[in-house]
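The structure presented is a predicted model; accordingly, all values stated were derived computationally and were not measured. Quick note on labels: first sequence line is chain A, next is B, and so on, each numbered from 1.
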Amino acid sequence: MKYAYYPGCSLERNAAAYDHSVREVADLLGIRLQEIDDWNCCGATEYFSRNELAACAVIARNLALVEPQTDQLVAPCAACYLNLIKTDKLMVDHPEFGKEVNQCLAAGGLKYEPGRVTVRHMLDVIVDDIGETAVRDKVVRPLAGLRVAPYYGCQVVRPISNNDNPEYPMKMDHLLKWLGAEVVDYPVKAHCCGGHMTQISEPQAFELIRRLLQNAQDYVADMIVCMCPMCQLNLDGYQSRVNGFFGTEFKLPIMYFTQMLGIAFGIDPQKLGFGKEIVTAMPVLEAKLGGQPV
Amino acid sequence: MAAHIAEKKGTFLEEVIEATPGGERLVHCIQCGSCGGSCPSGAEMQYTPRTLIAMIGANDRDAVLAANTMWACVSCYFCTSRCPQNIPITDIIYTLKRMSIAEKRYHDTDAPALAKTFTDFVDRYGRSFEFGLATGYHLLKRPISMMKMGPMGLQMFTRGRMALRPTKIRQIEQLQAIINKAKELSAK
Ligand code: SF4
Ligand code: SF4
């Protein structure tokens, strides 16, 4: 199946592990990803704080650049995903606003027909389109014995439904079970990682991060598996700062779900971006997966 | 409450509704407090979302636009998702952010500076730039905080997770034409 692919700025660098593992896993599952040529930044939450029409026009340029051969667009970043799907929905629900967005696009010689593109998150594509049988078929190295806390964050499950529970989503739980992992109950699985708050108020952000790490530790998880580059950065990159701030000793690897899929599929960990995480995953993987060469 | 506030023309309530797609739901608020009770940032806020909505209804424009509520919001959408009246609360908070920035009514927060640095990068390159954000923004606003980030920045570098220069999209002029048009239309 063919999908247009919007990596987003984080996946260029900070979350290159996510980008690499998405591409590797997609390849193996027969998901054909065609990167949008010359895509631009989605503006994150920042553009909406300054100018809504400009925010939507910036986002809609990407929708307009999706090639006519496909009407499916995949975004692995939660913020990009929400911005893309929200802009399309705003244009559909409010035709006058949609016209204004198109007036902006026209200044760049582009046009977008509201509703033409269906925006999907990578998790939904794998769980809903590929499905259990095809995923299980590819597992050559089951993640048996590995205790994982599935972390969904906010913007994929809320406010626009992705056919999962916005309070207690389950899709990633299912997927990780298909891989043979032990999925722990994780009550805060859809709580907030703080988003950009690390840049604005560290005490406020660190408390949100601490709760997520604490809860995973309380449920004796070996690692947290996430689906958004911002969540990964906050939980992984800031983990030592959070420890310093609260006097805690968290040492939880934060991996992308596509990296864990790749491991279960037997893909070379190097190709999946292992080693880019700040809190290294190697010791726990070696201990739990029976000395597999990771 | 809903009925009588809906009648007021030319009020702050009207203004907020006008500026928010779906904002007309505001008049249906029943002050149940589900939004405030769901908010992970409630403790940091001068006024919870429920209170803020009551203040909008009361046309308390000055106090609303100067409130820290918008800047403590982390866009988790719990309030929006749980509101029994389907009020797009998070989007209303974005509207209030825009108004507060446009009129420079905010205080004691770096959030508007971060938003400006971020969107300036998008306008100029078409991509965001984490290192530029970290340095440009922090050096401008809070140099000490940047120094504290030191070791973390280094770890990110050594793992190849931080670029030194921004990527520029090929058709940057096209994007800029689109953005300029949007700015022109929204200034009307
Ligand atoms: S949850 Fe909705 S109805 Fe209840 S107080 Fe908040 S905005 Fe009003
Ligand atoms: S979206 Fe903002 S206001 Fe609403 S619950 Fe989340 S942090 Fe609070």
Discussion item. Suppose we call two aromatic rings close when their centres sit under 6.0 Å apart. Are A:His191 and B:Phe78 close by that rule?
Written reply: yes

Worksheet item: Based on non-hydrogen pairs under 4.5 Å, which of A:Gly237, A:Gly8, A:Pro166, A:Cys193 is most in contact with chain B?
Response: A:Gly237

Worksheet item: Do A:Leu233 and B:Met156 have side-chain heavy atoms sitting under 4.5 Å apart?
Response: yes

Worksheet, complete the sentence: So, the part of A:Ile160 with a heavy atom under 4.5 Å from chain B: the answer is neither

Practice prompt. Could you tell me which portion of A:Ala55 (side chain, backbone, both or neither) has an atom closer than 4.5 angstrom to a non-hydrogen atom of chain B?
Written response: neither

Fill in: Short N-O contact, A:Glu167 and B:Arg82, less than 4.0 angstrom
yes

Item to complete: Can you tell which part of A:Asp93 gets under 4.5 Å to a heavy atom of chain B, answering side chain, backbone, both or neither?
Response: neither

Fill in: Nearest-0.5 Å distance, CZ of residue B:Phe118 to SG of residue A:Cys9
6.5 Å

Worksheet entry | Sidechain N-carboxylate O distance under 4.0 Å for A:Asp236, B:Arg161 | yes

Worksheet item: Is any side-chain heavy atom of A:Trp39 closer than 4.5 Å to a side-chain heavy atom of B:Arg127?
Response: yes

Worksheet item: Of the listed residues (A:Arg211, A:Lys86, A:His196), which shares the most heavy-atom pairs with chain B below a 4.5 Å separation?
Response: A:Lys86

Worksheet item: Counting N and O atoms only, with roles assigned by atom type, does the side chain of B:Gln174 sit under 3.5 Å from a partner on the main chain of A:Gly108, one being a donor and the other an acceptor?
Response: yes

Worksheet item: At a heavy-atom separation under 4.5 Å, does A:Ala16 approach chain B through its side chain, its backbone, both, or neither?
Response: neither

Worksheet item: Is the side chain of A:Arg158 donor-acceptor paired with the backbone N or O of B:Cys76 at a distance under 3.5 Å, no angle test?
Response: yes

